[in-house]
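As the structure is a computational prediction, the values presented were derived from the model and not from experiment.
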Amino acid sequence: RSLLTAIVIILITSQHSYAQKKKKNPLINSGEIINAGVELHDKGKYKEAIVEYLKIPQSDTNYSRVLHELILSYYNDSNFVAAEKYAKYGMEHFPENSTDWLALLADVYDDTKRTPEALKAYDTILVQKPYDYLTHFNKGVSLFRAERYDEAALCFQKCVMINPYYTSGHY
């Protein structure tokens, strides 16, 4: 009787493992793929980095990190439409990182000359993180581009008061 039970168990498990192989759904190491993508991104190979990031499925536990890297690569590749799309997806599906998504969105808005949207995003971040020197700096850049120099100067002053070692804030 135990021999019959063992044979049945072996048949069931072998069919299950065969079904997994047949699906062509291999396990991936998303950490390695992300690292490869970051390396490509750092070399300025944004399109190649994007191809790497897109290999990782949305169900992966690292997908929030993938989204962040994907948005950066699309942004640096000047594909602002895709960067905005993925940032909004991140806000919807990973609200715990809302300030990160908003910062990325604000940069997209600023570079696409949507200053009111950018300023609103920066202000939303500053409500949650009032001592975020980089957000003060980026808001200042946005205001400077809009030729609102006095307001921009105040943002740069706040930036360097919070972090006097941030050299860009002094310029």
Side-chain angles (χ1 to χ4, degrees), residues 13-115 117-126 128-129 131-142 144-145 159 162-171:
T13 57
S14 66
Q15 285 179 337
H16 178 70
S17 64
Y18 176 74
Q20 290 298 318
K21 289 178 188 174
K22 197 173 180 179
K23 284 184 179 179
K24 295 182 183 177
N25 189 14
L27 292 176
I28 61 168
N29 184 331
S30 59
E32 287 179 4
I33 294 172
I34 292 169
N35 291 338
V38 168
E39 191 174 313
L40 289 165
H41 176 97
D42 291 347
K43 292 178 182 176
K45 298 178 179 181
Y46 306 121
K47 286 180 180 26
E48 293 175 43
I50 291 165
V51 169
E52 287 299 309
Y53 300 137
L54 291 175
K55 291 177 181 177
I56 300 172
Q58 294 174 349
S59 60
D60 194 282
T61 56
N62 280 329
Y63 197 69
S64 177
R65 183 171 171 219
V66 171
L67 274 180
H68 185 85
E69 298 300 335
L70 186 61
I71 294 163
L72 289 176
S73 289
Y74 274 125
Y75 176 83
N76 284 300
D77 195 42
S78 299
N79 187 341
F80 300 122
V81 172
E84 182 176 347
K85 174 185 128 183
Y86 282 103
K88 287 180 177 178
Y89 180 90
M91 287 188 69
E92 182 180 336
H93 291 88
F94 301 97
E96 66 277 8
N97 300 330
S98 64
T99 56
D100 294 335
W101 309 126
L102 272 174
L104 293 164
L105 265 176
D107 292 344
V108 169
Y109 292 152
D110 191 41
D111 283 350
T112 56
K113 302 191 184 342
R114 293 184 279 170
T115 304
E117 290 94 332
L119 294 174
K120 182 178 178 184
Y122 291 132
D123 286 339
T124 302
I125 295 167
L126 289 171
Q128 296 175 37
K129 295 179 162 184
Y131 300 106
D132 186 344
Y133 72 94
L134 200 52
T135 301
H136 284 289
F137 175 78
N138 288 333
K139 181 180 177 184
V141 170
S142 190
F144 187 85
R145 288 179 178 171
C159 170
I162 296 167
N163 184 355
Y165 301 105
Y166 187 63
T167 55
S168 295
H170 292 277
Y171 293 109

Give, for atom [atom1] of [X] and atom [atom2] of [Y], the distance between the pair rounded to the nearest 0.5 Å.
X    : Y    : atom1 : atom2 : answer
L40  : E69  : CG    : CD    : 11.5 Å
K120 : Y109 : NZ    : OH    : 9.0 Å
K113 : S142 : NZ    : OG    : 10.5 Å
S73  : N79  : OG    : CG    : 11.0 Å
T99  : I125 : OG1   : CD1   : 6.5 Å
T135 : K129 : OG1   : NZ    : 7.0 Å

Apply side-chain contact (heavy atoms from CB on, under 4.5 Å) to V38 and D42, showing your working.
CA-CA 6 Å; V38 168; D42 291 347; 3.7 Å; yes
I need the single residue from Y46, Y86, F80 that forms a ring-ring contact (aromatic ring centres under 6.0 Å, His included) with Y75. Which is it?
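So, applying the ring-ring contact (aromatic ring centres under 6.0 Å, His included) to Y75 and each of Y46, Y86, F80, only F80 qualifies.
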For residues [X] and [Y], determine if any side-chain heavy atom of one lies less than 4.5 Å from a side-chain heavy atom of the other.
X    : Y    : answer
Y131 : L126 : no
H170 : Y165 : no
F144 : K139 : no

Is the backbone N or O of [Y] less than 3.5 Å from a side-chain atom of [X], with the two atoms forming a donor-acceptor pair by type?
X   : Y   : answer
H93 : Y89 : yes
N35 : G31 : yes
N29 : E32 : yes

Heavy-atom closest pair, residues [X] and [Y]:
X    : Y    : answer
S30  : D60  : OG-OD1, 3.0 Å
S168 : F137 : O-CE1, 3.4 Å
R114 : T112 : NE-OG1, 3.0 Å
A83  : V108 : CB-CG2, 3.9 Å
A87  : L105 : CB-CG, 3.7 Å

Can [X] and [Y] be counted as an ion pair, charged N to O under 4.0 angstrom?
X    : Y    : result
K47  : E52  : no
D111 : R145 : yes
E92  : K88  : no

Is there a donor-acceptor contact under 3.5 Å linking the side chains of T115 and D110?
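Note: T115 and D110 side chains miss the donor-acceptor criterion.
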Will you find, in the side chains of D107 and Y122, an N or O donor that is under 3.5 Å from an N or O acceptor?
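D107 vs Y122: donor-acceptor pair found between side chains.
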Start with the C-alpha gap between Q128 and S98, add the side-chain angles, then the distance that decides, and say whether side-chain contact (heavy atoms from CB on, under 4.5 Å) holds.
CA-CA 10 Å; Q128 296 175 37; S98 64; 3.7 Å; yes
Whether F94 and Y63 hold their rings parallel, tilted or perpendicular, with breakpoints at 30° and 60°:
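It falls in the tilted class, 30° to 60°.
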Output, in order, the C-alpha distance, side-chain angles, deciding distance and verdict of side-chain contact (heavy atoms from CB on, under 4.5 Å) for H68 and L104.
CA-CA 9 Å; H68 185 85; L104 293 164; 3.6 Å; yes
Evaluate the criterion side-chain contact (heavy atoms from CB on, under 4.5 Å) for residue pair I28 and I33; output intermediate values, then yes/no.
CA-CA 8 Å; I28 61 168; I33 294 172; 4.0 Å; yes
